[in-house]
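Below: the structure, in structure tokens.
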Amino acid sequence: MLLCINLEIGRGHPNYLDSFLKVYPRKTLLLKKEWKIMKRLYLFGGRGGICTKIYNRWRRRGKAPKFLLSLFRKDLERELKGTEVVMISHPILVQILQGRCKIFYLHGEIAAPEESLVSADQIFVPLPFTKEQFLKAGIPEERLLVSGLVMEPELVPIAEQSFQKRIKRLERGEKLTVAFFSSGAYPRVHIKKINQAVAEIEKFDIQVFLFSGNNRRLARYWEKRFPKAKIIFSWHREEENKKFAEILPELDCFVAPAHERTNWCCGLGLPLFSLLPHIGSYAPLNYQFAYSQGVTLPLAPENFGETILKLREGGKLQEMAEKGFGKFPIDGAKRIAEKVFTLLGDS
């Protein structure tokens, strides 16, 4: 039985492992960890101002402090007894477990900042671009496997149909539908910009979906402030993924930080308007890649409704969608599952 460990901080890293678990054909044992000190640092980074600056500087340093690694390692020792192979998706877990067992590291992010460039027995990366960052860091090529984008399994079967519907709507100039997402830290500066953008959209005939995650307080606030919008509250990631899959065929673009959802603009042909400022070490690198592909633009909340209408009329929104579909495989989770199945053999 394969032991998998999920560090329950944010959505990105744990969501990649969730996707793998949904398609892996053998039994697994999932161990969830949510260390309070990590959660507090994550929330601290979303407070804005000097807090975010300090957080970004700390993330850019790369490796976690040794005393933290030692603390987390002690917490895992009991569960790791007798474990030969572990599947993980967070680089700090790789640092903790090195030398204790064989490590399969699922790096699902397009970006590969310094903190993520850790060595493991097998490393899965989504794109050749990502692989190149690991090679530059001295990771042997034989340990790296390019899987394609690690997309939520709920989205893969409906991706092409949703894309074709989107293109037809944009060609015909039909009513636009936009979804908004915050990161799990709910940064104040991002929430403020979402509020500004939605207020501008309300001046036009544009449908809005506001995803509040599991933040009930935010959901209630949005319900009162934006009664015309559809508020999507979810208790957990799996519920949110299912709800998003239900509306994907209706969506024309979305607003979010350039974190793990950057996969959507690069693989689903769903144009992204990126929330600024970037928080953490992954966002600016994800943004740079997506911008170079022509599938994202920075969100300017002022006059946002008028802006996206002009982008549609000028063909830019359709162009962004077309540049983001069919360029990369989107079944990365399945490919990783098949490779792990092969590597483990009959074990």
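Keep in mind the model is a prediction, meaning the values are calculated, not measured.
Judged by distance alone, the side chain of Asn215 and the main-chain N or O of Arg217 form a donor-acceptor pair under 3.5 Å. The backbone N or O of Val208 sits nowhere less than 3.5 Å from a side-chain atom of Lys228 that would complete a donor-acceptor pair. Between the side chain of Asn6 and the backbone N or O of Lys32 there is no donor-acceptor pair closer than 3.5 Å. In terms of modelled atom types and a separation under 3.5 Å, the side chain of Lys327 and the main chain of Glu322 share a donor-acceptor contact. Of the possible polar contacts, none joining the Glu200 side chain to the Gln196 backbone as a donor-acceptor pair under 3.5 Å is found. Tyr186 places a side-chain N or O within donor-acceptor distance of the main-chain N or O of Ser212, the cut-off being under 3.5 Å.
Of the inter-residue distances, the one linking Tyr24 atom OH with Leu17 atom CG reads 12.0 Å to the nearest 0.5 angstrom.
Among His13, His107, Glu109, the one residue that satisfies the side chain to side chain contact (heavy atoms under 4.5 Å, CB included) test with Ser89 is His13. Here the rule is side chain to side chain donor-acceptor pair (under 3.5 Å) with Ser274, and of Thr262, Asn286, Thr296 only Thr296 fits it.
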- Which is it for Phe181 and His190 under the side chain to side chain contact (heavy atoms under 4.5 Å, CB included) test, yes or no, and what are the steps along the way? CA-CA 9 Å; Phe181 299 85; His190 287 178; over 6 Å; no
- Take Asn241 and Asn15 through the test side-chain hydrogen bond (donor to acceptor under 3.5 Å, both in side chains) and record every step on the way to the result. CA-CA 10 Å; Asn241 288 341; Asn15 194 60; 3.1 Å; yes
- Message: Run the side chain to side chain contact (heavy atoms under 4.5 Å, CB included) test on Val178 and Phe273 for me, step by step, so that the C-alpha distance in whole Å, both residues' side-chain angles and the decisive distance to 0.1 Å come before the verdict.
- Response: CA-CA 10 Å; Val178 186; Phe273 292 89; over 6 Å; no
- Message: As a quick check of understanding, evaluate side chain to side chain contact (heavy atoms under 4.5 Å, CB included) for Met1 and Lys27, giving each step before the final call.
- Response: CA-CA 6 Å; Met1 185 180 295; Lys27 289 184 179 180; 4.1 Å; yes
- Task: Please step through side chain to side chain contact (heavy atoms under 4.5 Å, CB included) for the pair Phe124 and Val146, ending with a clear verdict.
- Result: CA-CA 6 Å; Phe124 302 98; Val146 177; over 6 Å; no
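In summary, Lys316 and Glu319 engage in a salt bridge, as defined by a charged side-chain N under 4.0 Å from a carboxylate O. Arg237 has no carboxylate O lying under 4.0 Å from a charged side-chain N of Glu154, or vice versa, which leaves the two without a salt bridge. Lys175 has a carboxylate O that lies under 4.0 Å from a charged side-chain N of Asp205, or vice versa, which qualifies the two as a salt bridge.
In the displayed structure, Lys22 atom NZ is contacted under 6.0 Å by more than 12 heavy atoms of other residues, nucleotides or ligands. Applying the 6.0 Å contact sphere to CD of Glu160 captures no more than 12 heavy atoms from other residues, nucleotides or ligands. Taking a 6.0 Å sphere around CD of Glu141, one finds it holds 12 or fewer heavy atoms contributed by other residues, nucleotides or ligands. Summarising the local packing, NZ of Lys131 is surrounded by more than 12 heavy atoms from other residues, nucleotides or ligands at distances under 6.0 Å. Crowding of Phe129 atom CZ: a count of heavy atoms from other residues, nucleotides or ligands under 6.0 Å exceeding 12.
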Exercise answer: donor-acceptor pairs, residues 244-259 side-chain atoms, under 3.5 Å, sequence neighbours excluded:
{"unit_1": "Asp252", "atom_1": "OD1", "unit_2": "Arg169", "atom_2": "NE", "d": "2.9"}
{"unit_1": "Asp252", "atom_1": "OD1", "unit_2": "Arg169", "atom_2": "NH2", "d": "3.0"}
{"unit_1": "Asp252", "atom_1": "OD2", "unit_2": "Thr177", "atom_2": "N", "d": "2.8"}

